[in-house]
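Just so you know, these numbers use all the heavy atoms, side chains as well, and skip hydrogens, waters and symmetry mates.
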Protein chains: 2
Amino acid sequence: MSTIRGARERARVEVTAAIKDEARKQLAEEGAAKLSLRAVARELGMASSALYRYFPSRDDLLTALIVDAYDAIGAVAERAAADRAHTVPPVERWTAVACAVREWGLAHPHEYALIFGSPVPGYTAPMDTVGPASRVGLVFIGIARAASEAGELAVPALAPELRRDAERMAAEFAPGVPPAAVAALVAAWAQVFGLISFELFGQFNRVVEAREPLFRRAVGELARSVGLPAAPAA
Amino acid sequence: MSTIRGARERARVEVTAAIKDEARKQLAEEGAAKLSLRAVARELGMASSALYRYFPSRDDLLTALIVDAYDAIGAVAERAAADRAHTVPPVERWTAVACAVREWGLAHPHEYALIFGSPVPGYTAPMDTVGPASRVGLVFIGIARAASEAGELAVPALAPELRRDAERMAAEFAPGVPPAAVAALVAAWAQVFGLISFELFGQFNRVVEAREPLFRRAVGELARSVGLPAAPAA
DNA sequence: ACAGAAACGAGAGCACTGCTCTTGCCTGCC
DNA sequence: GGCAGGCAAGAGCAGTGCTCTCGTTTCTGT
């Protein structure tokens, strides 16, 4: 599947990567809306029309960047969780993952905006993005599952209107985790990204300076709202 | 200040309003990135160059729309809070404001994205926006202050790294509210918008169906994290 | 080994954008 | 009444996404 059969295919993957790299560079400098196919082609020394052999439209290029960004942030989250697997209380592991995600966002604000900011104009996310997009969520679920299997999860209350959703989500994404915890987890997940987005999109400007402590405190409380214990059961 | 001195000025404010209305219409249909000055001018039957007499650039038009959006969402929040002033427990008042904001967002997704989504390309918010931008926050602060003055506020813990920020914010925006509550409030504020943004920007698609119950539950917990009581003191 | 097919790069061109400059008209003020 | 300033319109510039055509190169089936 990923074997390269000849010089032609080899060149193709190289050019594709070069285009994405240059696009990412322009993205970091100017933002998504100013990313221009012609400028990318110019910088690469090729005709703008040649670029359409690799990406059929500007939106397709953006989609590729979005998938890469989801994968990058997912990898960061997975690594943060794996580094601390079972050596640390669940709340701390949860906080470490959230902090890693936040730091990735601070380092790559435009890529973060690409995936968690307002969806671009008429753009609707294609199906290729749903897999990579769920990686961070799965990391959080994994932390809850580990706690659940160790019998350390304090299952929160579940409103009756949420039961159907919670049970479906648990069956689909988080087998073995109590539905009530899954529902709380999804809400907590959105709130974590709310904190990061507010900071990145400038809503804390001239309001909050000590952003990391504020973030850690809120994220810790969210972990507790999911039912994670602050210290492992003796 | 707002007196209209002649037919000329009267015409000017009317044309300005017409331009903003048409721009808002196109914003709602296509999104911010596809908003085109020429299309607005075309729809209004004027030359595109004439439009520059009213807004020196596309960014200035966007800024005007942003200010209007902040004012609209601020008015919605103020109204929701005023309608329930002192007739209802603080947690319910807080939740009502959050729900009102959420519903405004659902009704005006593109305008919401304009103010809480990723900042547009090279755009940096001018000072005109800070006033209107703070109205929603002030409503939340007002709820906390009312509870505090009634002696009903359970002041949360405050991490030492947050003390300076919290005291400065309290002095600047929320005199009379305990600094610890202000810090918790700012975090809660970001999390409320995180929940709304995730829903509006499609991150809950194919994941959560019962979004309002999830929202209400999370928002209620946030109110409690600020120290608001669920029922008024007897 | 060679012909046909497929992939490729380059250029011209279309319709659109934000924005500027110049030219005249028309209105409100002294 | 003149006249300065606000105003609309048109032409034009540089840039954009995207399409089409036209040679050339590379791979592939016989």
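Atom CZ of A:R58 is separated from atom P of C:dA15 by 22 Å (rounded to the nearest Å). We find that NZ of B:K34 is positioned 13 Å from P of C:dG18, with the value rounded to whole Å. Spacing between atom CD of B:E9 and atom P of D:dG6 amounts to 11 Å, rounded to whole angstrom units. One atom, CD of A:E43, and another, P of D:dT16, lie 12 Å apart when rounded to the nearest Å. Rounded to an integer number of Å, the gap from B:L44 CG to D:dA8 P is 11 Å. Distance CG (B:L62) to C1' (C:dT17): 14 Å, rounded to an integer number of Å. As a whole-Å value, the separation of A:L37 CG from D:dT19 C1' is 13 Å.
The aromatic rings of B:F198 and A:W189 sit perpendicular, their planes meeting at an angle over 60°, well past the 30° parallel limit.
Among the nucleotides C:dT17, C:dG18, D:dG17, the one closest to any side-chain atom of B:R42 is C:dT17.
Here A:L35 lies in heavy-atom contact (under 4.0 Å) with sugar-phosphate atoms only.
The side chain to side chain donor-acceptor pair (under 3.5 Å) check on A:T16 picks up nothing, with sequence neighbours excluded.
Remark: the A:S197 side chain and the A:Y112 side chain contain an N/O donor-acceptor pair separated by less than 3.5 Å. For the residue pair B:D60/B:T63, the side-chain donor-acceptor check at 3.5 Å is not satisfied.
Listed by first then second residue, pairs satisfying side-chain hydrogen bond (donor to acceptor under 3.5 Å, both in side chains) with a partner in residues 199-223 of chain B read B:R102-B:E199, B:E212-B:R216, B:R217-B:E221, not counting sequence neighbours.
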Checklist outcome for this item: In B/S/- notation (B base, S sugar-phosphate only, - none; protein heavy atoms under 4.0 Å), nucleotides 5-13 of chain C written 5' to 3' is --BBBBB-B
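Looking at B:F116 and B:I73, their side chains come closer than 4.5 Å, going by heavy atoms from C-beta outward.
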